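Just the heavy atoms: all of them, side chains too, but no hydrogens, waters or symmetry mates, feed the values below. Throughout, protein chains are lettered first and strands after them, A, B, ... in sequence-line order, and every chain is numbered starting at 1. What you see is a predicted model, and the numbers here were worked out from it, not measured in a lab.
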2 protein chains.
Amino acid sequence: MKNNQTTIKDIARKLNLHHATVSRALRDHYGVSPQTKEKVNALAKELDYNPNSIAQSLKNQKTKTIGVVVPKISHDFFSTVISGIEDVTYKADYSIMVCQSSEDYEREVLNTYNLASNRIAGLLVSIAQNTKNTQHFGSLLHQGVPIVFFDRVCDNIDVSKVVVDDYCGAYKAVEHLILKGYKRIAHLAGPKHLTICRNRLEGYLSALKKYCVPFDEDLVVYGEFDRGSGIAGMKKLLQLSDPPDAIFAINDHVAVGAIMHAKENGLKIPDNIAFVGFGDDIISTVVDPPLTTVAQNQYEIGKTAAELLLDQIENGQDTIVPISKTLKTELIIRLST
Amino acid sequence: MKNNQTTIKDIARKLNLHHATVSRALRDHYGVSPQTKEKVNALAKELDYNPNSIAQSLKNQKTKTIGVVVPKISHDFFSTVISGIEDVTYKADYSIMVCQSSEDYEREVLNTYNLASNRIAGLLVSIAQNTKNTQHFGSLLHQGVPIVFFDRVCDNIDVSKVVVDDYCGAYKAVEHLILKGYKRIAHLAGPKHLTICRNRLEGYLSALKKYCVPFDEDLVVYGEFDRGSGIAGMKKLLQLSDPPDAIFAINDHVAVGAIMHAKENGLKIPDNIAFVGFGDDIISTVVDPPLTTVAQNQYEIGKTAAELLLDQIENGQDTIVPISKTLKTELIIRLST
DNA sequence: GCTTTTAACGCACACGTGTGCAAGAGGTGG
DNA sequence: CCACCTCTTGCACACGTGTGCGTTAAAAGC
């Protein structure tokens, strides 16, 4: 029962043929007689022959595997992106190897080198929170493995990237709050050094400036991407002598945490305080009140990134012109504002 | 810049050695002089040598890759399971190839054979809604590829399985509703032929019987696993001449859909009608009111399934005794009941 | 009946790595 | 000075697949 996997040599032996002939027969090569082809195909079917991709990869010096590295597979955002990637790669006859860094730089590095060992045809990455050194990606590029970043990108590496218009999305979110009449608008921000977070912060600042709303640095609280950060940030904001009347959160999970803490403290939404999230995760439609948020179509991000990468793998021989795609965001107005 | 990946032959050439010697040096074989080892290791580091796993796999006749097939990667439940799988396989130095069937039987079959082509060391599967024929799994087993099913399992295949105690979880959920005083308890069920759905239905029926609550077949509505099914099912139930005062849903998404439809129709929860879900997804803590649900620890399911599979791969040579693990469920009581 | 063409298949090698065995160099003991 | 041993390295083959080229045999042409 062990290692029963049929090879072309098995087929060749049973038919008194050379394995080369079997190989050609299976690939419908012109130099093999129709009778032989028929016999080979019949036996292959009977023996459940499955070509050994490992051997083919070694021979062809390339695999049909794409590597994917994300911070956490179980996050709505990333799992939806991966779903988009899988749909594209499946159609193109590629497989994906998925790794999670668990927001750990060291693990991201190990994942990357392991994928390189597996000779992936290309890599799709969203980097960990604390990734600052990017040598591991440089190494892959040097080895000729194309990379496409999405969402959390590396600024200092010149490859294709797929992001959403964080700046613009944040701007629209905050503008919406201002136009609704909210005066003291706080921002529950993400890790400072991540580009997406900086861009959203910029959008926030820019909208304030545009509408001549004075900026108060007490109203920007830095945290991470989870609900706990939303709760902690909200707690901090409510302790201010002059607390905010509106919150723009770095993502929906943080917004939900903040909403929960606000509700616990008896605040009415959106009368006492308003909330805007970012991402349009499932939870934004489920929370009460439904959350106004910036939709970013995660599935499309994955799809686009995978398409860019596959195009580079199959066509981009030497003319590697990096393409940065910025997907549009859309403000979805619900009852939290 | 293309195909720059260093091989042991490159190293051998530069040091005027045979590649066999380099291979042994890198593996710290006793028959290689310390000086040579040092030179080899230094050059390997300098040239960014990454062992070619493809070649190693071919040579060793086994890979360090686990295949994973789920209906939909972007579902909370499955992405959390995959996260659990990845954590276990990562520690054991295995990689995972992830595929989604998109609830399509044909695609599941193609995924399975493709993974077999990639000579995965083992397979973890949760089957598609409409998978009835299981020949593709039989084929892999025949080829000596171990399989472990989780959640949505195949009854007619005798391999290790990881499920939660669906029957007992459902029983506890319905018992809770009965003890709370609800009289007409409906069940928004899943696809009839899936074992998990049948088991939950059994638990529902069993609790009714135990407490002498008359069974009304109008109160069981079959659907799928998404919010839309919850909305549709609820609609149907509210049109009954004698509508239910409590709902036990096949999962949290269905429950949320049902809650939304009930709220739209002016029903108060839990006064007019109560809801219990299944799964303890993130949304169950976010929906208003928070959903009473049966927790099933998705992460643990993935972890356990991966552990069973790895154990079978590394130890279970011929004594393949299938192990069925049934993880405990826990009723989490929140404000929807 | 001989040469030339063509059809069908086998041989050998390659991809990168690993391992049993042989071979060579150098040293030691008698 | 030779036999023997140890240390180090090279050679050859294997894994499964694919391909250029050579080889055989039969058919075709004159």
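With rounding to whole Å, N16(A) atom CG is found 13 Å from dG10(C) atom C1'. Atom CG of N118(B) and atom P of dG16(D) are 16 Å apart (whole Å). The nearest whole Å value for the distance from the CD atom in E38(B) to the C1' atom in dT8(D) is 16 Å. Atom CG in D28(B) sits about 18 Å away from atom P in dT17(C), given to the nearest Å. Taking atom CG of L58(B) as the reference point, atom C1' of dT19(C) lies 15 Å away to the nearest angstrom. Between H29(A) atom NE2 and dC9(C) atom C1' the separation is 12 Å, expressed in whole Å. Atom CG in L15(B) sits about 15 Å away from atom C1' in dT8(D), given to the nearest Å. Following rounding to the nearest Å, R27(A) (CZ) and dT17(D) (C1') show an atom-to-atom distance of 8 Å.
The side chain of S33(A) approaches dA8(C) more closely than any other nucleotide in the set dT17(D), dC15(D), dA8(C). Distances from the side chain of T36(A) to the nucleotides dT9(D), dA8(C), dG10(C) place dA8(C) closest.
Salt-bridge annotation for R152(A) and E103(A): present, with a side-chain N of the basic residue lying under 4.0 Å from a carboxylate O of the acidic one. The pair K39(B)-E46(B) does not count as a salt bridge, with every side-chain nitrogen at least 4.0 angstrom from each carboxylate oxygen.
The side chain of Q56(A) contributes an N or O atom lying less than 4.0 Å from OP1 or OP2 of dG18(D). The side chain of H18(A) places an N or O atom within less than 4.0 Å of a non-bridging phosphate oxygen (OP1 or OP2) of dC11(C). For the pair S23(B) and dG18(C), the criterion of a side-chain N or O lying under 4.0 Å from OP1 or OP2 is met. The side chain of T7(A) places no N or O atom within less than 4.0 Å of a non-bridging phosphate oxygen (OP1 or OP2) of dG16(D). For R24(A), no side-chain nitrogen or oxygen approaches OP1 or OP2 of dT19(D) to under 4.0 Å. Contact annotation: Y49(A) side-chain N/O to dT17(D) OP1/OP2 distance is under 4.0 Å. Dashed line: the shortest gap from a side-chain N or O of Q61(A) to OP1 or OP2 of dG16(C) is under 4.0 Å. K9(B) has a side-chain polar atom (N or O) that falls below the 4.0 Å cut-off from OP1 or OP2 of dC15(C). Side-chain nitrogen and oxygen atoms of K59(A) include none within less than 4.0 Å of the OP1 or OP2 phosphate oxygen of dC13(C).
A side-chain donor from one of D87(A) and Q100(B) sits under 3.5 Å from a side-chain acceptor of the other. For the residue pair S83(B)/T80(B), the side-chain donor-acceptor check at 3.5 Å is not satisfied. Residues Y94(A) and E314(A) have side chains that bring a donor and an acceptor to within less than 3.5 angstrom of each other.
In terms of position along DNA chain D, the nucleotide closest to T21(B) lies nearer the 5' end than the nucleotide closest to the other residue of the pair T21(B) and A55(B).
For an aromatic pair to be called close, the ring centres must be under 6.0 Å apart, and F225(A) with F77(A) fails this.
If you check every strand for non-hydrogen atoms under 4.0 Å, H19(A) touches a base. In this structure, I54(B) reaches neither bases nor backbone, as no heavy-atom distance under 4.0 Å exists between it and the strands shown. Within the 4.0 angstrom heavy-atom criterion, no nucleotide atom of any strand lies near D10(B).
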